[in-house]
Each structure stands twice: as C-alpha cells, then as structure tokens.
Amino acid sequence: MKNNILLVLLLISQSFYCQESNQVKKVSFENYFRFNLVLPFQTGNHSLANDFNSNIGVNANLSLVSFEEFSFNMGYEFSQYRVTNFSNIGAIDYMNFSVIYGEIDYDITVYNNLKLIPNIGYGYVRNNYKSSGRKFGVQEGTEIRLGTMLNYNFTKTFSTFVGFNYIFTNLNINTNKEYEDYFGKANRFQVSLGIKFQ
Amino acid sequence: MKNCIVLFFVFSFYSCSIPYDLETRYIIETKLVDSNGNAIANEEFSIYVSTNESKTLFYGNSNGETISSSISDKNGFIKMIFPKPDVQNFSLSLNSENNNVTGYLSKNIFNIKPENFVDYKLVLDEIKLAKYDEITNFDIELNQVTQNKELRKIEVIGQVYTQNENLNPDLDLENYYDLQTYFSLFKNQNFTLKYSVFNYTTMTLEENIVNLSITDQPINYTLTY
C-alpha cells in the first residue's frame, strides 16, 4: 500500500512536471525587434490617393509574447504625404501619417531558414497636417492591416524580410455626404523591406 | 538675451496662427461667368479666413490667412474644400485678384459665416466678372449746402459691377456701404441714382431718384443736398 501511494505521488508529480515543461515550451516572452522601410501605393478613389504624394515611410515593431507559432507584437509606422491638390485639402504643405498598431503573426516554415509569416493587425491612426513651421490640426482614425512577410534567417538572431500588406483606413470626418467616403476611407497596398533581431 | 527675443517672436507667430478642425471639411462651389453669361476658365480664387468676425471687411485683414485656392475649369466651375477653422467666431471671404492675364477685375465676397453652409456645403450663385474695358466709373461728389440735412443712403440701380459683396449684411456694414460714392458701371447704359436725405427741420426722410445714362466715358456727378 505504501509503495502504491508512493507510485501515485510519483506519477502525479511527473504529470505536473510535464505540464509545466510543455507550457514553457508553448508561451514565450522572448522579444524580437523588426525595423523596415515601407513604400505605400494608394488604391481606389479617395483623398489620400488623389490629393497627396506618398513618400517612403519607416516602421518599427516589437514582439511582446509568442504562443506556439503565433506571436503578438506592437508597432509604430510613420510616413509623410505631400499635398498636391490644394483646392481639396487647403493651403497646407504636408501630412504626417502615423499609426500605432497591434499585430498577430503566424510563422510557417517554408524551407530551412525561410519562413512565411501571414499577419493581421489593428491600429490607431493620427494624421498631423503641417506646413513648414506651422501646425494646422489633427485627423484621427483606425486601420485594419492584412499581410504577409517572407523572412530569411541569416543567423539565429538576425534575419531579413520582405513584406506585403493591404491596409484599410477609416478616418474621422464630418463633411457633406458626397465627400464622406472620399475623405473618410482609404485603401493602400504597402511593400516593406526590413531586418529583424531576436 | 538675443535668443530670448528670437524665441519671443517665434512663439508670437505661433499664437497668431489659426487652428483648424481637420475632421470637419467645408466645401464652397460656384461658377464664374462673364457679362454675356459665358463660362470663365482659368480664373484663380482663394478663401481667406478671418477671426475678426463681422468687422472684417476686406481680404487682407491682419487676423487671418488664405486657407485655400483654386482655378476655374473650362466650364467656369470652381470648388474649394478646406478644414473648418477651430475658433469661436470666424468669417470667410472668397477673393480673386485683378488678373492681368485674363483681364478680369477683382471680386471679393466677404462676411461668409458658418451658418451659410448647409450640410458643410455652400453653393454660391454664379459670380459675374467684368473686364477692365467693359467698365467705366461713376463718381459722386457730395455737396452739402445746409446743416439741417444728412445724407443717409446712396444706391445705384443698373448694371453695376460690385467688387466687394457682403454675404451677410449687418447694420454696421450697411451704414458703411450706403454712403459709397464710387461705382463701377458697365458702359453704355441707362441707370438710376437713388438717395435718401434726412431733414432735421421737418424730421422726415426724403427719397430722391435721378435717371442718368453713361457711355464709355466716366462721370463725375455732384450730389447737392
């Protein structure tokens, strides 16, 4: 009887140990950091596409937690848009387009060091309208980001990637019904090229 | 000390600038036509914002700035979209400068208020522009012969080219404009001069009507009262 109790205790303790070791394996707080350049291409008939010229932007992204092949990260993206159609925007030179977003990535190993990483994200948009030495005001909004990255690991800690994203932006707007969608919605296709440290 | 002065001026300029609500956009639309009703293309108009409310008479007031500009298309159609000024009281004016290329005289529609916009949009009636050579001057010289009378109102009825139009006339501005003594008239027309004189002896308002005609030469008219 004494032996049986000991055996049961041993099995239980072994089972807890296994569960704990599995959890450690599944959830990770190891961080990685990505930095990339983004090249936006506006699509459709909206103000960002017709009244501005977009420039190359920058994006920085930090992973917070990973679970199996999933990882959750937070990012910041910045790009500047030059006003080209003053009669639609006003006598303003440019707009700083910035986004803070959360994103979920899923890692799929394609071949050895090559990974395909589809992702989905949601962000808060803040557009700052400016001319040199002058702030005019801010327009806020949200965006949904869908995309994928092709990531190549050079070493265990350094990799490079190319990304493709399609982004739907909704901006706060009060205007004539005819122009609500024109100034309030935007779609863009975005190509990015960057590096990753982990 | 020098740096302090520079900083002071930098902050002074910042404090003068008008903030805007970029989440609210106003639209002004109109059509430009000549004296024969034909569309005018390639004429530039701008929107001037002033924080000085109704006292702002003319384009160029120091408490304001140009917030939008546009050029009319081949159909004379002009559209300007601009952010709403984010201040309590403001007025707008729609302006064109004397254009030496197209030859049209300047136009200024001023005292445009937020309440003039319906669903954020203001559609103005056709704006008629005149060329220099279509216009001649009608100047009135005032000749007061008695202290018992006061000139209250002057009005010209005919084909008048009004360079400054008040979209929301109020009392102060009306008084200012009623005593206008300089008019731009289209050449070769008959017109009527109406003026009111208040007689302090009889305490009555006397209305006077004079029928006149103008050719291509300017007229200097002496108004005696």
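Residue numbers start from 1 in every chain, and the chains themselves are labelled A, B, ... in the order their sequence lines are given, proteins ahead of strands. The structure presented is a predicted model; accordingly, all values stated were derived computationally and were not measured.
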Would you please test B/R25 and A/E180 for salt bridge (charged side-chain N to carboxylate O under 4.0 Å, His left out) and show each step? CA-CA 10 Å; B/R25 309 289 173 101; A/E180 273 177 355; over 6 Å; no
What closest approach, in Å, do [X] and [Y] show between heavy atoms, and which atom pair accounts for it?
X: A/I92; Y: B/P83; value: CD1-CG, 4.4 Å
X: B/K121; Y: A/E178; value: NZ-OE1, 3.0 Å
X: A/R134; Y: B/P19; value: NH2-N, 4.5 Å
X: B/D119; Y: A/T175; value: OD1-O, 4.0 Å

With a cut-off of 6.0 Å (strictly less than), are more than 12 heavy atoms of other residues, nucleotides or ligands near CD of B/E115? yes
More than 12 heavy atoms of other residues, nucleotides or ligands under 6.0 Å from CG of B/D216: yes or no? yes
For A/F183, which atoms come within 4.5 Å of any heavy atom of chain B: side chain, backbone, both, or neither? side chain
Heavy-atom distances under 4.5 Å only: say whether B/I27 touches chain A with side chain, backbone, both or neither. side chain
From [X] atom [atom1] to [Y] atom [atom2], the distance as rounded to the nearest 0.5 Å:
X: A/F136; Y: B/S17; atom1: CZ; atom2: OG; result: 8.0 Å
X: A/N174; Y: B/L22; atom1: CG; atom2: CG; result: 12.0 Å
X: B/E29; Y: A/N176; atom1: CD; atom2: CG; result: 8.0 Å
X: A/S87; Y: B/D73; atom1: OG; atom2: CG; result: 10.5 Å
X: B/S68; Y: A/F86; atom1: OG; atom2: CZ; result: 10.0 Å

Top residue by heavy-atom pair count (under 4.5 Å) with chain A, among B/Y20, B/F117, B/F82, B/Y26? B/Y20
Looking at A/L171, A/I89, A/N85, which one has more heavy-atom pairs under 4.5 Å with chain B than the rest?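 Maximum pair count with chain B is reached by A/I89.
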Could you please spell out the steps behind the side-chain contact (heavy atoms from CB on, under 4.5 Å) verdict for A/I173 and B/E23? CA-CA 5 Å; A/I173 194 74; B/E23 293 183 356; 5.5 Å; no
